[in-house]
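Remarks on the structure that follows.
A quick note: this is a predicted structure, and the numbers were derived from the prediction, not measured.
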Amino acid sequence: MDDYLRSDAPVVEALDRAWDRSRLSAATRLARLRSRAFLLVQCAVAAGVAWWVAADVLGHRSPFFAPVVAVICLGMSYGQRQRRVVEVAIGVAVGVFVADVFVHLAGSGPWQISAVVLVSMGAASLLDGGPVLVTQAAVQGIVVAALAATPGQAFTRWTDALIGGGVALVAATVVPQAPLRRPRVAAAEAVRKISELLRRAEASADDLDVEKAAAVLASARGTESLLRELSTAADEGLSVIASSPFKRQHAPHVRKMVELVEPLDRAMRSTRVLVRRITVSVGREEPLPPAYREVMLELADAVDVIARALAENASPEIGRSAMLAVAESTGRLPRTESLATETVLAQLRSVVVDLLQVTGLDVDEAIEALPPERPRP
């Protein structure tokens, strides 16, 4: 029986790993659904209101375009909503007009739809429209020519589009706090990732474990998504402030998070390079001096201070004193004749400079805060 269990151990382990991945995937999907819940409800309510205004208040028969335009304008993000409303409205106008002309003169059919698409997209392009405007002109032209081919109803359809856009604009002013918190949450997550990478890299250097070091490097290379999330969240926060008069008081806090995007991007990139240098050192079986590993852990602790400050809606400047202490520590590190170790030291100091900028120093102040290195032996 024991031999049987041992022979099935790899299969059991594989099943366990698959189960863990499926649970993680399910958790990620549920988290994504929760984060979009307000947008989903907002789009649904806006579509219903747009139909009600066009059908029940104005008496339009089957006001198809009103809910469609409302949903397209709101989209699945808070960014660029006002621009979307304008582009969709113009696109609908161009598409409906062109399709109505063709339906009136030539009826509906394959070549008419091809002509409607060509002319609509060409006209939208001449208006210097973006992708949304050009695409909407073609799509709405197709809808009119193929599904709603009733000559003489262009004005009604255009009015329905305006209703949908108007409802979307009103709905866009009603924004929860979530998109304003997201930049800070994303920044805190990125900073925590830097701390995690530093601790894991130190552990791999302590054990001289090549596989562990390679795993840390792979994790570091996957941090681009965190930076994209931070950049997207920052842009979305600015868009919310611009479109919602009820959120203008949050502008200073959101702009501070926007200012963190560039220094955090540099700090993350520098951390990736540091992890790569440590991986090379481990691969060559060149142990880092204990003092180097102590400074890495000290740096990780300082980074945790910044992460907690961001998570608690405080200024990252709180972590500056701890980061300055790490900067002083790098000046006391012993020099070696190992090229791998020397490159680790240089990159470690580079990470400190980048993180000092996250705390609010400019680049010259951050460099000046670094003490000179000890002379090489």
> Which residues pass the salt bridge (charged side-chain N to carboxylate O under 4.0 Å, His left out) test with R269, sequence neighbours left out?
Replying inline: E224, D265
Could you pull out the closest heavy-atom pair between [X] and [Y], with the gap in Å?
| X | Y | value |
| --- | --- | --- |
| A99 | G141 | CB-O, 3.3 Å |
| A70 | A50 | CB-CB, 4.1 Å |
| L208 | V282 | C-CG1, 3.6 Å |
| F64 | W51 | N-CZ3, 4.2 Å |
| R221 | R276 | NH2-CD, 4.4 Å |
| T330 | P371 | OG1-CD, 4.5 Å |

>> Side-chain heavy atoms under 4.5 Å apart, restricted to Ile/Leu/Val/Met/Phe/Trp/Tyr: what other residues fall into the cluster of V170, or is it alone?
In response: none
>> Can you list, by chain and residue number, the hydrophobic cluster partners of I163 when the side-chain cut-off is 4.5 Å?
In response: V41, V45, V49, W52, V53, V57, L58, V167
Just jot down the side chain to side chain donor-acceptor pair (under 3.5 Å) partners of [X], sequence neighbours excluded, or say none.
| X | value |
| --- | --- |
| E368 | none |
| K193 | E196, S219 |
| R192 | none |
| D209 | none |

State plainly whether one hydrophobic cluster holds both [X] and [Y], where clusters connect Ile, Leu, Val, Met, Phe, Trp and Tyr through side-chain heavy atoms under 4.5 angstrom apart.
| X | Y | answer |
| --- | --- | --- |
| V305 | L198 | no |
| L370 | M296 | yes |
| V216 | L297 | no |
| L118 | M121 | no |

All side-chain contact (heavy atoms from CB on, under 4.5 Å) counterparts of [X], not counting sequence neighbours:
| X | result |
| --- | --- |
| A44 | none |
| S350 | S270, Q347, D354 |
| S195 | R199, A300, V303, D304 |
| R293 | E202, A205, D206, L288, P290 |

>> If only side-chain N and O atoms count, and only distance matters, is there a donor-acceptor pair under 3.5 Å linking T343 with R277?
In response: no
> Can you list the steps and then say if E342 with T336 is a side chain to side chain contact (heavy atoms under 4.5 Å, CB included)?
Replying inline: CA-CA 7 Å; E342 286 293 300; T336 70; 3.9 Å; yes
> Looking at CG of L217 and OG of S204, how far apart are the two atoms once the value is rounded to the nearest 0.5 Å?
Replying inline: 9.5 Å
When the side chains of residues 317-329 are checked against the rest of the protein, which donor-acceptor pairs come out under 3.5 Å, sequence neighbours left out?
unit_1 : atom_1 : unit_2 : atom_2 : d
R320   : NH2    : T359   : O      : 2.8
S329   : OG     : E298   : OE1    : 3.1
S329   : OG     : E298   : OE2    : 3.2
S329   : OG     : A325   : O      : 3.1
S329   : OG     : R332   : NH2    : 3.3

> Under the side chain to side chain contact (heavy atoms under 4.5 Å, CB included) criterion, do R349 and V353 qualify, and how do the steps go?
Replying inline: CA-CA 6 Å; R349 288 166 64 86; V353 168; 5.7 Å; no
> Under 3.5 Å, is there a donor-acceptor pair between the side chain of Y292 and the main chain of V344?
Replying inline: no
> If only atom types and distance count, is the side chain of E365 paired as donor or acceptor with the main-chain N or O of D362 below 3.5 Å?
Replying inline: yes
>> Do R200 and K212 have side chains that approach each other closer than 4.5 Å (heavy atoms only, starting at C-beta)?
In response: no
>> Does L348 form a side chain to side chain contact (heavy atoms under 4.5 Å, CB included) with L333? I'd like the steps, not just the answer.
In response: CA-CA 11 Å; L348 186 60; L333 289 175; 4.2 Å; yes
>> What verdict does the side-chain hydrogen bond (donor to acceptor under 3.5 Å, both in side chains) test give for S281 and E286, after you've listed the backbone C-alpha separation in whole Å, the side-chain angles of each residue and the deciding distance to 0.1 Å?
In response: CA-CA 5 Å; S281 177; E286 297 183 19; 5.0 Å; no
> side chain to side chain contact (heavy atoms under 4.5 Å, CB included) between I194 and L264: does it pass, once the steps are laid out?
Replying inline: CA-CA 10 Å; I194 292 175; L264 255 181; 4.2 Å; yes
